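Let me begin by presenting the structure, written as structure tokens, before commenting on it.
Since the structure is predicted, the reported quantities are computational estimates derived from the model, not experimental observations. Computed over heavy atoms, backbone and side chain alike; hydrogens, waters and symmetry mates excluded.
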Amino acid sequence: TTGRPAPRRRRRRGTTSSATSARFGSSRTFSRPRARGSRSRLAAGVPVDVDPASAPAAATAPTSKLETLPDELEGVVKAFAAPPPRPTEDSIHAYLASAGVARPEATSRCLRAGMLHGHVSMPADPSTFLDAVLHEGGCNCCGSALVCTIRDALRQGDYGGDYGDGGEGGAVECDECGGNYVTRICSGDMAFDSGKFHNHCHHCPGFGQCIGDYREAHCHRCGDHYFV
């Protein structure tokens, strides 16, 4: 011998060695991996036998239900599907007038803003509007139960600077404590307040908005509010 190691025998790809066969107890053959870039028969365009009966049916586009409705009902369905028209300042005044309110433009701007933005419900029958409950809660001072209707809030003041005099401009009155304003009707976040934190800005668009503390004021340069 020359001292050189015997050359290793190369095993053909796809078969297992004798050591592997002895380990698993049988001889196994592995499939050769597909060469890179090769394509399947379908991708290569080779025709494949397919049973037409077993092929899935083509999906059909759903038809509108309106196509099957009678003509007299189609307009009704479309009217319900369309969003209701957004109220305007003029339509709010017209609704208040139809409810029997004299001089709607002189009513609480906070209330009218709540109607404009959808926070005050306006039923189709205006005759029931004024006596509907606007807000229920406890007195701002003693917590006694108070109920305010829309009729009560019609002439409520938009500025609660009289809180030190008993809140005479408030919508409802507590027998023990005095007047209570219903503040933030315009945003739907209503609460009873003595007036100190009820300040509805008249200079903001859309009937204005509540700005909180009675010492807040509107800036005519930037349109924001500042503490006086």
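Val101 and Tyr95 fall within a single hydrophobic cluster, where Ile, Leu, Val, Met, Phe, Trp and Tyr are joined by side-chain heavy atoms under 4.5 Å apart, directly or via other members. Under the 4.5 Å side-chain contact rule for hydrophobic residues, Met190 and Met122 share a cluster. Residue Ile185 is not grouped with residue Ile211 when hydrophobic side chains (ILVMFWY) are merged at heavy-atom distances under 4.5 angstrom, including chains of intermediate members.
Here the shortest heavy-atom pairing between Asn199 and Gly212 reads CB-O, 3.1 Å. In terms of heavy atoms, Tyr214 sits closest to Tyr159 at O-CE1, 3.2 Å. The two residues Cys148 and Ala171 have their closest heavy-atom pair at SG-CB, 3.8 Å. Taking all atoms of both residues into account, the shortest heavy-atom contact from Val172 to Phe192 is CG2-CE2, 3.6 Å. Nearest heavy-atom pair across Ala97 and Pro104 is N-CG, 4.0 Å. Residues Leu146 and Cys174 share a closest heavy-atom pair of CD2-CA, 4.2 Å.
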Residue pair Ser98, Phe129: steps toward the side chain to side chain contact (heavy atoms under 4.5 Å, CB included) verdict: CA-CA 10 Å; Ser98 66; Phe129 175 70; over 6 Å; no

Please evaluate residues Leu134 and Val120 with respect to the criterion side chain to side chain contact (heavy atoms under 4.5 Å, CB included), reporting the C-alpha separation (whole Å), side-chain torsions for both, the decisive distance (0.1 Å), and the verdict. CA-CA 8 Å; Leu134 177 65; Val120 178; 4.0 Å; yes

From CA spacing to verdict: side chain to side chain donor-acceptor pair (under 3.5 Å), Asp189, Ser187: CA-CA 6 Å; Asp189 185 22; Ser187 63; 5.4 Å; no

Give the C-alpha distance, both sets of side-chain angles, the deciding distance and a yes or no for side chain to side chain contact (heavy atoms under 4.5 Å, CB included) between Cys210 and Cys110. CA-CA 7 Å; Cys210 281; Cys110 189; 3.7 Å; yes

Would you please test Phe227 and Asp213 for side chain to side chain contact (heavy atoms under 4.5 Å, CB included) and show each step? CA-CA 8 Å; Phe227 188 80; Asp213 196 294; 4.2 Å; yes

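The backbone N or O of Phe207 sits less than 3.5 Å from a side-chain atom of His200, completing a donor-acceptor pair. Side-chain atoms of Asp152 come within 3.5 Å of backbone atoms of Thr149 as a donor-acceptor pair (strictly under, hydrogens ignored). Between the side chain of Gln156 and the backbone N or O of Val182, at least one donor-acceptor pair lies under 3.5 Å. A side-chain donor-acceptor contact under 3.5 Å links Arg112 to the backbone of Thr107. A donor-acceptor distance shorter than 3.5 angstrom exists from the side chain of Asp193 to the backbone of Lys196, with no hydrogens or angles considered. Judged by distance alone, with hydrogens and angles left aside, the side-chain atoms of Asn180 form no donor-acceptor pair with the main-chain N or O of Cys139 at under 3.5 Å.
The line from CD of Gln209 to NE2 of His225 is 5.0 Å long, rounded to the nearest 0.5 Å. We find the CZ-CG distance between Arg155 and Leu111 to be 10.0 Å, quoted to the nearest 0.5 Å. Distance check: Arg215 CZ to Phe197 CZ gives 7.0 Å after rounding to the nearest 0.5 Å. Rounded to the nearest 0.5 angstrom, Asp175 CG and Ser144 OG are separated by 8.0 Å. The distance from the OG atom of Ser108 to the OH atom of Tyr181 is 10.5 Å, given to the nearest 0.5 Å. Between the CG atom in Leu154 and the CG atom in Leu96 there is a gap of 7.0 Å [rounded to 0.5 Å].
Within 6.0 Å of CG on Asp125 lie more than 12 heavy atoms contributed by other residues, nucleotides or ligands.
In this structure the side chain of His218 reaches within 4.5 angstrom of the side chain of Cys204, judged on heavy atoms.
Residues passing the salt bridge (Lys or Arg N to Asp or Glu O under 4.0 Å) test with Asp224: none are found, sequence neighbours excluded.
Checking each of His202, Arg109, His198 against Asp158 for a side-chain hydrogen bond (donor to acceptor under 3.5 Å, both in side chains) leaves exactly one that passes, namely His202.
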